[in-house]
Amino acid sequence: MNSSNPADSNARILDNINALVAEERDLRARSTDRLGLGADERARLRTVEVELDQCWDLLRQRRAKSEFGENPDEAAVRPPNEVEGYQG
């Protein structure tokens, strides 16, 4: 992400997170209402979960770089297998 204002980039990431969270909630609600999701919906839910993890990771990277005087625009989206491997 190349932006002259890191806050704008962070806001765009947060907007994306909010949209993904809303979609995740919708999919989970439909799953509960219908006692399950179809294969396409289950795949989409998994994709949304991974994208959320990547967005949160990117936001954490950007904030850390800013905190330590580095350029937050140098933060990059990490591959799913990397962010999914985190043990919290």
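The basis for the numbers below is simple: all heavy atoms, side chains too, and nothing from hydrogens, waters or symmetry mates.
Take R42 and apply the salt bridge (Lys or Arg N to Asp or Glu O under 4.0 Å) test, not counting sequence neighbours, and it matches no residue. Scanning for side-chain contact (heavy atoms from CB on, under 4.5 Å) contacts around V21 gives I17, R25, L52, with sequence neighbours left out. Under the side-chain contact (heavy atoms from CB on, under 4.5 Å) criterion, R44 pairs with L20, E23, L27, T47, V48, E51, sequence neighbours left out. The salt bridge (Lys or Arg N to Asp or Glu O under 4.0 Å) check on D26 picks up R30, with sequence neighbours excluded. With sequence neighbours left out, N71 forms a side-chain contact (heavy atoms from CB on, under 4.5 Å) with D73, E74. With sequence neighbours excluded, the residues that form a side-chain contact (heavy atoms from CB on, under 4.5 Å) with S31 are L37.
Atoms SG and CD1, from C55 and I13 in turn, are 7.0 Å apart once rounded to the nearest 0.5 Å. With values rounded to the nearest 0.5 angstrom, Q54 atom CD is found 12.5 Å from E49 atom CD.
Two different hydrophobic clusters hold V50 and L45 under the rule that ILVMFWY side chains link at heavy-atom gaps under 4.5 Å.
D57 places no side-chain N or O within 3.5 Å of a backbone atom of D53 that could act as its donor or acceptor partner.
N10 and R63 share no donor-acceptor pair across their side chains, judged by distance under 3.5 Å alone.
Contact detail for Q61 and A76: the closest heavy-atom pair is NE2-O, 2.9 Å. Between A75 and R62, the shortest heavy-atom contact is CB-CG, 3.6 Å.
Within 6.0 Å of atom CG in D40, 12 or fewer heavy atoms from other residues, nucleotides or ligands are found, so the atom counts as exposed in its surroundings.
Of the charged side-chain nitrogens involved, none lies within less than 4.0 Å of a carboxylate oxygen, so that E84 and R78 do not count as a salt-bridged pair. Checked for salt-bridge contact, R28 and E24 meet the test: a charged N lies under 4.0 Å from a carboxylate O.
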- Begin from the C-alpha positions of E41 and R34 and carry the test side chain to side chain contact (heavy atoms under 4.5 Å, CB included) through to its verdict. CA-CA 12 Å; E41 291 170 313; R34 295 193 318 229; 2.4 Å; yes
